[in-house]
Q: 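Here you go, one structure.
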Amino acid sequence: QSRFQARVISLEDEPIDQALFERRFAAAICSRKNLVAETNARRIVFSEADLAPGLIADDYDGHIVLQVRSLTMENLKDVWLPALIKVAKPKSVYERSEMQGRQEEGLPSFAGQLYGETPEETTIEESGIRFIVPLKSGLKTGFYLDQRNTRRELGRRVLPGQTVLDCFCYSGGFSLHAARSGAQTTGIDIRPEAVDLAQRNAKANGVGSEFHEANAFDWLESGPKESFDWIVLDPPAIAKTEAKRDSLKWAIWKLVHRSVPLLKPGGRIIACSCSYQLDRKELVETARLAAGDRGVRMYLEGVTLQDLDHPAPVQFPEGLYLKCAWLRIG
Ligand code: SAH
């Protein structure tokens with residue numbers, strides 16, 4: 001039932017053995033050496049982009065958390081796992097393969113220790129901000145590494161005293177970067193565990209960010225009293241298949257449409273789509289429709305993509321999944 005007819009592991013006539021994966025993982029780790037500074041957490045294997053289709057591995061200060069998304073890589077586990085341990089020399093390896101996509105490959109959901117001993121959580125650093133990462137119970141592999149550069153850019157651009165609404169905040173990434181630059185921040189997430197984690201992170205960094213447990217769609221509509229200089233919209237991947245593209249478009253339209261009246265004059269929205277199905281052009285088009293329906297002018301000030309440890313091969317367009325449109329209302 002897989003959506004993928006084939007997965008290309010090699011175009012050469014070569015054995016698919018441990019040595020092959022050792023070479024690939026070494027190249028993958030090497031290519032990231034200078035890419036992502038100021039942190040001790042990075043994605044070291046990103047599926048097709050690193051010629052390991054269906055395998056992702058994130059390194060949190062030496063603790064690797066990985067996901068196996070394809071039957072191919074599941075069947076080759078005894079081949080690539082020793083290669084990964086040899087090349088990355090991790091303190092531990094933990095698998096978090098609990099995503100729905102596994103069913104399509106005929107694979108059950110699985111989580112468990114593969115090597116060493118993984119603690120419940122660890123603390124990582126991102127541009128001087130500390131984040132607790134729940135290695136065994138967080139969303140995905142515990143942290144959204146892919147938004148690092150966009151969070152950092154918000155930290156750079158926000159001004160002291162400005163107000164920021166961080167919708168879909170998870171562990172508080174955008175909030176904390178903005179708060180560290182002197183902004184007043186409010187984060188919203190539907191999961192109590194996320195709100196709790198974000199609050200612990202704010203405390204650990206000594207910033208006064210506020211977090212609330214709520215459905216962001218409803219919260220935006222409930223008419224909060226304050227208005228904001230910035231609203232971050234970072235919803236989860238609503239559309240994984242082409243058939244669901246319209247529902248994602250509609251969701252983004254709703255979020256932007258509900259955000260516009262909450263912005264101060266000249267306020268900004270960072271609208272993110274982490275689904276390949278909604279590309280950059282359609283994301284901006286959706287924002288344009290929402291702005292038009294509200295009767296406001298809107299400017300595109302930039303687009304940021306997934307950070308560089310999630311490389312996007314030009315020959316594999318599906319690898320470019322995360323786009324964030326930086327929008328300002330006139
Ligand atoms: N911005 C975060 C990552 C967001 S992941 C970061 O930089 O780390 C998406 C988050 O949206 C998850 O934490 C999930 O719990 C939350 N979520 C999903 N549906 C939601 C909804 N309807 N309202 C609010 N939060 C929601």
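As the structure lists them, so they are numbered: ligands from 1, and atoms in each ligand from 1. One is the number of the first residue; the rest follow in order along the sequence. Because the structure is a prediction, the values reported are computed rather than measured.
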Q: Any N or O of Ile190 that comes nearer than 3.5 Å to an N or O of ligand 1?
A: yes
Q: With respect to atom 9 (C) of ligand 1, which of Asn215, Ile270, Asp234 exhibits the smallest heavy-atom separation?
A: Asp234
Q: I need the single residue from Thr141, Thr118, Thr39, Thr122 that forms a side-chain hydrogen bond (donor to acceptor under 3.5 Å, both in side chains) with Tyr60. Which is it?
A: Thr141
Q: Checking side-chain polar atoms at under 3.5 Å, does Gln147 have a donor or acceptor matched by the opposite partner on Asp307?
A: no
Q: With no hydrogens and no angle check, is any side-chain donor or acceptor of Arg152 less than 3.5 Å from a backbone partner on His177?
A: no
Q: Mark up the atoms of ligand 1 that fall under 4.0 Å of a heavy atom belonging to Cys169, in ascending order.
A: 2 (C)
Q: Please write down residue, atom name and distance for the protein heavy atom closest to atom 15 (O) of ligand 1.
A: Asp189 OD1, 2.7 Å
Q: How are the rings of Phe217 and Phe168 set to each other: parallel, tilted or perpendicular (split at 30° and 60°)?
A: perpendicular
Q: Do Glu117 and Gln113 have a side chain donor and acceptor closer than 3.5 Å?
A: no
Q: Quiz question: by atom type and distance under 3.5 Å, do the side chains of Thr163 and Trp230 form a donor-acceptor pair?
A: no
Q: Just to be sure I read this right, does ligand 1 sit under 4.0 Å from the backbone of Val232, its side chain, both, or neither, counting only heavy atoms?
A: neither
Q: Got the closest protein heavy atom to atom 23 (N) of ligand 1, with its distance?
A: Ala216 N, 2.8 Å
Q: Nearest heavy atom to atom 6 (C) of ligand 1 wins, so pick from Glu213, Arg151, Gln147, Arg191.
A: Arg151
Q: Would the distance check show the side chain of Asp309 and the main-chain N or O of Asp146 forming a donor-acceptor pair, the cut-off being under 3.5 Å?
A: no
Q: Evaluate Ala194 for polar contact with ligand 1, using N/O atom pairs at a separation under 3.5 Å.
A: no
Q: Are side-chain N/O atoms of Ser97 and Glu95 paired as donor and acceptor at under 3.5 Å?
A: yes
Q: Is there a donor in the side chain of Tyr94 and an acceptor in the side chain of Arg96, or the other way round, less than 3.5 Å apart?
A: no
Q: I'd like the name of whichever of Phe217, Phe174, Phe168 reaches closest to atom 11 (O) of ligand 1 through any heavy atom.
A: Phe168
Q: Need the ligand 1 atom indices (1-based, order shown) with element for anything under 4.0 Å from a heavy-atom of Ala214.
A: 23 (N), 24 (C)
Q: May I ask you to check if ligand 1 and Tyr144 share an N or O to N or O distance below 3.5 Å?
A: no
Q: Do any nitrogen or oxygen atoms of Asp166 lie less than 3.5 angstrom from nitrogen or oxygen atoms of ligand 1?
A: no
Q: Among Cys167, Pro236, Gly172, whose heavy atom sits nearest atom 18 (C) of ligand 1?
A: Pro236
